[in-house]
Amino acid sequence: MLKEIVQFTQSLKEQEMNNIGVVPKEGLHIVLTLKQEDNQVYWPPDGFISEIYTKKMVGLTSFLQECAAWAQAAWMVNTNKCFDLPAKGIHSCSPYCLAFKRESLKGGAKYADAKTKLPERVNAYFAKALDLLDDESEKQRIEVFKYALNSEEKLDAILSQIPEYESLKDANYIVFYLNDPLEAYQKTNTKYLADKLFNTNQFNLSVDDVVYGTSDFINGFSTKKAYRLHQTASFDIAGRISSVEARTLFEFHDIIDRGILPRPLPIFVDRDELKKDAVALFKKGAEDGERIGYKEIIETLNEKHNDDVGNYYLLFYLAGEIKDFDFVSKFDYYLNDEAGKPWKVADYFSINYQPTVKNVFDFQYSILVSILNNSLVVKTKAGGFQYKFFDDIDAKYCKSDNTYLLVMKYRKAFYDFIYKSKRQAVTQLMFDDILQTSILDDLRLDEIKNNRHTQEYSIRQKLNIWFSLSENFERKYKPVETMANKLQTHRKFIQQLTKNEATIETDEQYAFTVGQVIYYLLTKSKTSDTSYKRLEPFLQQVHAKELNKAIARLFDTYKHETFSSNFRTPFAEVMAYETKASIRDLMPTTLAGIFSQNALFSDKEKKEEIETESTPTEE
């Protein structure tokens, strides 16, 4: 992995991406200018200028651009490698810069608890920073810079002249720079990094004047924690990288932390033309101030290279951690059925919802949003999308606890399916589990508001998706009979059954008829709550015998009502049918019976049903 990232970073640097998107730390930036008279260097108390930077600012002034470049060449690798140990409050590591957070000064959250206050640690910081300089005259200049900042009174004297200081929050930085050329900063930074780029210097080796050591890139390797070490291996470390590679990985870390690269990030290493085109797209997006997405990159490359995009590594980096890194041999963009036609959702349940799913991104935006209740791929009110493939998800923002569990259980599989073209990652069994659980959840959550079912559209939309796409996830043994064509057969069968032209002979005919009978009986209720919650006692049954008892009790409740002639035969057939099959296995057919047009109504009842039927509305 490290070799591939090193190669990729070289490509970014060749196209001059290493400086794009560099911004200052959020906070106050103060530049001190030294003067020289009669061979004496001094700092006049008013010899500084300052500006504040916040993330809400659009564009950078030339002053802040210069500060950002200085800070990039003056910052620590991490707090364990700063010059302010063990306090770790000073985050710069350069003789030309002093950076810390507002919280470390008087009035800040960490000021009172610090055993040695930050201003008292400034001299110790500069003592270590001066070791990065070889020139004695330069060291004398830095002594002047230090002298301007090495006490609480001196810091107060400067900060009290800057009105913006009062508005700083504890997390904001206060950064002092010496007004010297960037090259001076970079020279000392190179010296600082030479000793800090490896995870530890304990295993460093020099071969032909090149130092090799352990990688520090996203690596928490520690010899001081025995439980993290291999106890039986005959070697101490897995491998070493050169100092050049360590520097390149450090630069990659810096670039990716700026948020200018897509997430996930395709890393092309073998095909030069693809690599060049991809990096050019990254650069254009970064220069335009908008991080170009993976979808746009893949679609552009796919079109330009005639659907021949592949042989790349896919990196998902989030909040300082690599969540996933894998090789994609071929990106399979389109979703076609056995006949080579795009996936299509048919409107089997009458809500005029029938999208065409041509490719994996149509699937992501049209299907995943619906079946996982806007909890994995989140459509925002502004019309954009957020993705939770690797984020921490709070269950309270999901539609239900079941939705949360489904997302956590299957999100990696859908990530592999969409972004890595691993079609086997999502199976029909998984798809059926999601749809069945999600629809039953919608039934449980349904309410009647403004004479409408709140979950009606969601249920019918998911049924359309389930009956249209389920078999597309069965790669090995495509069934001859699909959920869709069996649905049409069941609908014809119930028409024949109401006319005494057929009898129930299979478990699925029984399940579909059960759905029709339950729905018909529930329409006889005169209660105010006519929500689909009333279906729960029937859908929770496992054995047909118990289900029939529940239906019989429902019939007894409304036996004083008038029933249509179309109802009699289906009801009698259901009551007489016996099967040892699990009702849970027949759930899709039962739900189809409930939400299909009910054939048990008489013509008069049909008219009344149409007049009172809730109009589906999209949430």
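In this text, all values refer to a predicted model and were calculated from it rather than measured experimentally.
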- prompt: Does the side chain to side chain donor-acceptor pair (under 3.5 Å) test come out yes or no for D332 and S421, once each step is laid out?
  reply: CA-CA 5 Å; D332 199 357; S421 300; 5.7 Å; no
Electrostatic pair K276-D272, nearest N-O below 4.0 angstrom: no
query: Any ion pair linking K101 and D170 (charged N to carboxylate O, less than 4.0 Å)?
result: no
message: Applying salt bridge (charged side-chain N to carboxylate O under 4.0 Å, His left out) to E299 and K295, what does each step give before you reach the verdict?
response: CA-CA 6 Å; E299 285 182 338; K295 172 180 179 289; 3.2 Å; yes
- prompt: Between Y147 and K154, is there a cation-pi geometry (under 6.0 Å to ring centre, at most 45° from the normal)?
  reply: yes
message: Tell me whether the NZ or CZ atom of R423 lies within the 45° cone about the ring axis of F417 and under 6.0 Å from its centre.
response: yes
message: Tell me whether the rings of Y177 and H29 are parallel (<30°), tilted (30 to 60°) or perpendicular (>60°).
response: parallel
task: Specify whether F389 and Y419 have parallel, tilted or perpendicular ring planes, treating 30° as the upper limit for parallel and 60° as the lower limit for perpendicular.
output: perpendicular
- request: Tell me whether the centres of the aromatic rings in F145 and F126 are closer together than 6.0 Å.
  value: yes
- prompt: Got a sec, which residues hit salt bridge (Lys or Arg N to Asp or Glu O under 4.0 Å) with E66, two or more places apart in sequence or on another chain?
  reply: none
query: Residues in salt bridge (Lys or Arg N to Asp or Glu O under 4.0 Å) with K117, at least two apart?
result: none
statement: Correct closest heavy-atom pair for A246 and L197 would be CB-CB, 3.8 Å
